[in-house]
Amino acid sequence: MNKKNILITGATGDIGMDLAFKYIDIGYNLYFINYSQTPSKIKKIMNYAKSKDVICEYTRIDFGKDKISRWKKKINSLLKSIKKLDVLINNSGYLNQKNFKRISEEEWQKTINVNLKSVFFITQFCDSHLKKTSCIINISSIGGQIGGDLAPHYAASKAGVISLTKS
């Protein structure tokens, strides 16, 4: 039986790791993107996948800094050995709470890039691997629905994810 394949962005965060372990438990091959330097978490995921006899591969993309062309190249390389992606979970997130008046253009752009731009372009880059039976799950936040005085940039990006998902 062919195992199903899943790609998770932000797989070394709390939600991402829980998702990775759950999908490994049910036999999915895991492909994931990590943008921070967390070798112990990467090793934990890789070892767990090995113990469950599933394929596990990852790539590092810094959605806050790397250029889009690099994202596409890394996604293509990560998924080159598979024909179908059964599940795509866009889970990457970035939050640096700051007062509205202290949010710089650089901070705004990093938040938008990680939280919203990555969702759109990773989904677009995975299109050739997504089939009619594939599932896309976009993780947002209650902040995208209610806002927040210490994270208006985060709230705006997560509201964008909600709208993008509806679209």
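We use all heavy atoms of the structure for the numbers below, so side chains are in, but hydrogens, waters and symmetry mates are not.
- Counting non-hydrogen atoms of other residues, nucleotides and ligands closer than 6.0 Å to NZ of K41 gives a total above 12.
- Atom NZ of K44 sits in a sparse spot, with 12 or fewer heavy atoms from other residues, nucleotides or ligands closer than 6.0 Å.
- Contacts of K117 classified as side chain to side chain contact (heavy atoms under 4.5 Å, CB included), with partners at least two apart in sequence or in another chain: I68, W71, N113, F121.
- T111 is linked by a side chain to side chain donor-acceptor pair (under 3.5 Å) to nothing, counting only residues two or more places apart in sequence or in another chain.
- Listed for the T12 side chain is no donor-acceptor partner under 3.5 Å among the backbone atoms of N34.
- No side-chain heavy atom of F125 sits under 4.5 Å from any side-chain heavy atom of K74.
- Every residue meeting the side chain to side chain donor-acceptor pair (under 3.5 Å) condition with T123, not counting sequence neighbours, appears here in chain and number order: N90.
- Of all the heavy atoms in G16 and I8, the pair that sits closest is O-CD1, 4.4 Å.
- Listed by first and then second residue, the ring pair (Phe, Tyr, Trp, His ring centres under 6.0 Å) pairs that reach into residues 91-118 come to none, sequence neighbours excluded.
- When hydrophobic residues (I, L, V, M, F, W, Y) are linked wherever their side-chain heavy atoms come within less than 4.5 Å, I162 remains an isolated member.
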**side chain to side chain contact (heavy atoms under 4.5 Å, CB included) between L7 and C126, worked out** = CA-CA 9 Å; L7 172 65; C126 290; 3.5 Å; yes
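- The distance from the CG atom of N29 to the CD1 atom of I6 is 10.5 Å, given to the nearest 0.5 Å.
- Counting heavy-atom neighbours within 6.0 Å of N99 CG, excluding the residue itself, gives a total above 12.
- From K52, atom NZ reaches atom CD1 of I26 across 11.5 Å, with rounding to the nearest 0.5 Å.
- Closest approach of A155 to G148, counting heavy atoms only: CB-N, 4.3 Å.
- Rounding to the nearest 0.5 Å places NZ of K50 at 10.5 Å from NZ of K43.
- Residues that satisfy the side chain to side chain donor-acceptor pair (under 3.5 Å) test with D18, not counting sequence neighbours, are absent from this structure.
- With sequence neighbours left out, the side chain to side chain donor-acceptor pair (under 3.5 Å) criterion links Y48 to D25.
- Atom-to-atom distance recorded for L88:CG and I136:CD1 is 5.5 Å, nearest 0.5 angstrom.
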**Request:** Test side chain to side chain contact (heavy atoms under 4.5 Å, CB included) on I55 and K3 and set out the steps.
**Result:** CA-CA 9 Å; I55 295 168; K3 292 187 178 179; over 6 Å; no
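- The minimum heavy-atom distance linking P152 with D149 is given by the pair CD-O, 3.9 Å.
- The minimum heavy-atom distance linking C56 with I45 is given by the pair SG-CG2, 3.9 Å.
- Among pairs with a residue in residues 151-167, those fulfilling side chain to side chain donor-acceptor pair (under 3.5 Å) read N115-S157, N138-T165, S141-Y154, at least two apart in sequence or across chains.
- Take K22 and apply the side chain to side chain contact (heavy atoms under 4.5 Å, CB included) test, not counting sequence neighbours, and it matches no residue.
- The two residues L116 and G160 come nearest to each other via the heavy atoms CD1-C, 3.5 Å.
- A side-chain donor-acceptor contact under 3.5 Å links S134 to the backbone of L85.
- Residues E107 and N96 form a side-chain contact, since some pair of their non-hydrogen atoms from C-beta on lies under 4.5 Å apart.
- In this structure, the separation between OH on Y23 and CG on L30 is 11.0 Å, given to the nearest 0.5 Å.
- Scanning for side chain to side chain contact (heavy atoms under 4.5 Å, CB included) contacts around I15 gives L19, N91, with sequence neighbours left out.
- For Y31, there are no ring pair (Phe, Tyr, Trp, His ring centres under 6.0 Å) partners, not counting sequence neighbours.
- K4 places no side-chain N or O within donor-acceptor distance of the main-chain N or O of G27, the cut-off being under 3.5 Å.
- Separating the CD1 atom in I103 from the NZ atom in K110 is a distance of 14.0 Å, to the nearest 0.5 Å.
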**Request:** Would you please test I61 and I75 for side chain to side chain contact (heavy atoms under 4.5 Å, CB included) and show each step?
**Result:** CA-CA 9 Å; I61 300 175; I75 292 294; 4.3 Å; yes
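- Note on ring orientation: taking the six-membered ring where Trp is involved, the planes of F32 and Y58 are parallel (angle under 30°, cut-offs 30° and 60°).
- Listed by first and then second residue, the side chain to side chain donor-acceptor pair (under 3.5 Å) pairs that reach into residues 77-87 are K84-D86, K84-T133, sequence neighbours excluded.
- By the criterion of side-chain heavy atoms lying less than 4.5 angstrom apart, applied directly or through intervening Ile, Leu, Val, Met, Phe, Trp or Tyr residues, F63 is not grouped with L95; the two fall into different hydrophobic clusters.
- Here the side chain of Y35 pairs a donor or acceptor atom with the backbone of G93 at under 3.5 angstrom.
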